[in-house]
2 protein chains.
Amino acid sequence: MSHVGYPCLMALDRDHVLRSAAALLTRKSTATMDEVAKAAGISRATLHRHFAGRDALVRALEALGIAECEAALERARPEEGSTAEAVRRLVREIQPAAGLLAFLYGESQLWEGDRQNDGWQRLDTRIGALFQRGQQSGEFRIDLTPVWLTEALYGLIASCAWATLDGRVASRDFPTMVAELLLGGALRREES
Amino acid sequence: MSHVGYPCLMALDRDHVLRSAAALLTRKSTATMDEVAKAAGISRATLHRHFAGRDALVRALEALGIAECEAALERARPEEGSTAEAVRRLVREIQPAAGLLAFLYGESQLWEGDRQNDGWQRLDTRIGALFQRGQQSGEFRIDLTPVWLTEALYGLIASCAWATLDGRVASRDFPTMVAELLLGGALRREES
DNA sequence: CTACGATGAGACAAAGATGTCTCACGTGGG
DNA sequence: CCCACGTGAGACATCTTTGTCTCATCGTAG
């Protein structure tokens, strides 16, 4: 009856399970706990030993997604250099987490409740500040609000993630497609 | 035992039920058949008399969404005038269906199966042709593929629909936010 | 070797959604 | 008037997923 401390190996496995679940749920967001377990190469019982239930699993994935976004934001150094370059760096750094983001983006469970993770608001604030910096420096237009630009960034990341999974967009083109559309739009620039 | 032809009133109600379901599922994509019925002001039994099951309901909503998109495309006259103006018209015409589109966009059930509605491909083709026309006329840049631009249009429409429901974007700004970001991007134009 | 802990397999009940059925009511037309 | 039809309410079985449990097995540290 000495179930006190955490087992030694579970901490390592947990991350692996989380990654597997992210990869599977990105492709099939309605996957069963049994399917998640099989995808991770473990049994459903062990999966439940890691995560109390499906809700806990989704919450853990949410925390992982937030953490990866924040890490990407750190690496992108949004305060440095031109804002456009900062956006390009951010998109490049966030690509590995795009699939997970796309899954979370479509998981209405996370948004309907009144108690939603503060991490999203922290991210919104920081990304919104990036766009605001671009506006204040005169680099970005001011008729599109930072809030909408942030939302559009998420949307484009999710869209491109889906398109990549379907093979409609090459994985190597992801950073260009997202960043250049967000920054420059479809219209051709007169000045080269 | 003369259950042959369609009843006289059901055809009228069916459209109303469909609209109610679209409005509800836009807000709560996991709504129960019972909730859908209540939202339409009918009983679950009657709902089942209209749509054999949840799957049939979603398929009907899909058909409705496709039809509304095609109607919007007709009204937008994508062949006329500048391509940019055509895109603006398309976004404006498609706004009333944006919520439904956002719901369908997140309904993975529609995309995972091997047998998906041809209507989407027809729409993709026509919208893709619009962007291609812009590229050929020199109006649009050529480093973003029409396929990606089409995907981005869907993504931005869905994103803005969610943002509108959450109150982060005003409904009246929808056409501007979506079209101007898609066309011009976040960067400020040098030439006024 | 031995014991402990983690695991896999499976049984089990509970919960929720769904699909089907019956029955009573009410309304409108013949 | 009366009957047919659409409807609402609800009962019912079914199915799926989930959460919990037990038990046998296996690897490994002591």
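So that the names make sense, note that chain A is the first sequence line, chain B the second, and so on, each numbered from 1.
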With A/Glu35 via side chain to side chain contact (heavy atoms under 4.5 Å, CB included) - residues at least two apart: A/Leu24, A/Lys28, A/Ala31, A/Thr32

Could you check whether A/Trp111 and A/Trp120 have their ring centres less than 6.0 Å apart? yes

Expected list for residues 35-44 of chain A near DNA chain C, using heavy atoms below 4.0 Å, is A/Gly41, A/Ile42, A/Ser43, A/Arg44

I'd like to know if B/Glu74 and B/Arg126 make a salt bridge, using a cut-off of under 4.0 Å between side-chain N and carboxylate O. yes

How many Å lie between CG on A/Asp13 and C1' on C/dA6, as a whole number? 10 Å

Across all chains, not counting sequence neighbours, the side-chain hydrogen bond (donor to acceptor under 3.5 Å, both in side chains) partners of A/Glu70 are A/Arg122

Could you give the CZ-to-C1' distance, from B/Arg14 to D/dT7, as a whole number of Å? 18 Å

Can you sort out the partners of A/Arg89 under side chain to side chain contact (heavy atoms under 4.5 Å, CB included), two or more places apart, ordered by chain and number? A/Ala76, A/Arg77, A/Glu80, A/Glu85, A/Ala86, A/Arg92

Could you tell me the separation between the NE2 atom of A/His48 and the P atom of C/dA11, rounded to a whole number of Å? 17 Å

To the nearest Å, give me how far apart CZ (A/Phe51) and P (D/dT18) are. 15 Å

Output the rounded distance in Å from CG (A/Leu57) to P (D/dT17). 16 Å

Got a sec, which residues hit side chain to side chain contact (heavy atoms under 4.5 Å, CB included) with B/Glu68, two or more places apart in sequence or on another chain? B/Arg19, B/Leu64, B/Ala97

Which whole-number value in Å describes the distance from A/Asp55 CG to D/dT18 C1'? 12 Å

How long is the line joining NE2 of B/His50 and P of C/dG19, in whole Å? 16 Å

Please pick, from C/dT7, D/dG19, C/dG19, the nucleotide with the shortest atom-to-atom distance to any side-chain atom of A/Met33. D/dG19

Residue whose closest nucleotide on DNA chain D lies nearer the 5' end, B/Ala45 versus A/Ala45: B/Ala45

Report the residue (B/Arg54 or A/Leu47) whose heavy-atom-nearest nucleotide on DNA chain C is the more 5′ of the two. A/Leu47

Charged N to carboxylate O under 4.0 angstrom, B/Glu139 versus B/Arg133? no

How close or far is atom C1' of D/dG19 from atom CG of A/Asp34, stated in whole angstroms? 13 Å

Is the closest basic N to carboxylate O distance between B/Glu112 and A/Arg27 below 4.0 Å? no

For nucleotides 26-28 of chain D, which of its nitrogen or oxygen atoms have a protein nitrogen or oxygen under 3.5 Å away, and what is each distance?
none

Determine the minimum heavy-atom distance between B/Ala98 and B/Ile157, stating which atoms define it. CB-CG2, 3.9 Å

Is any side-chain nitrogen or oxygen of A/Thr32 closer than 4.0 Å to OP1 or OP2 of D/dT17? yes

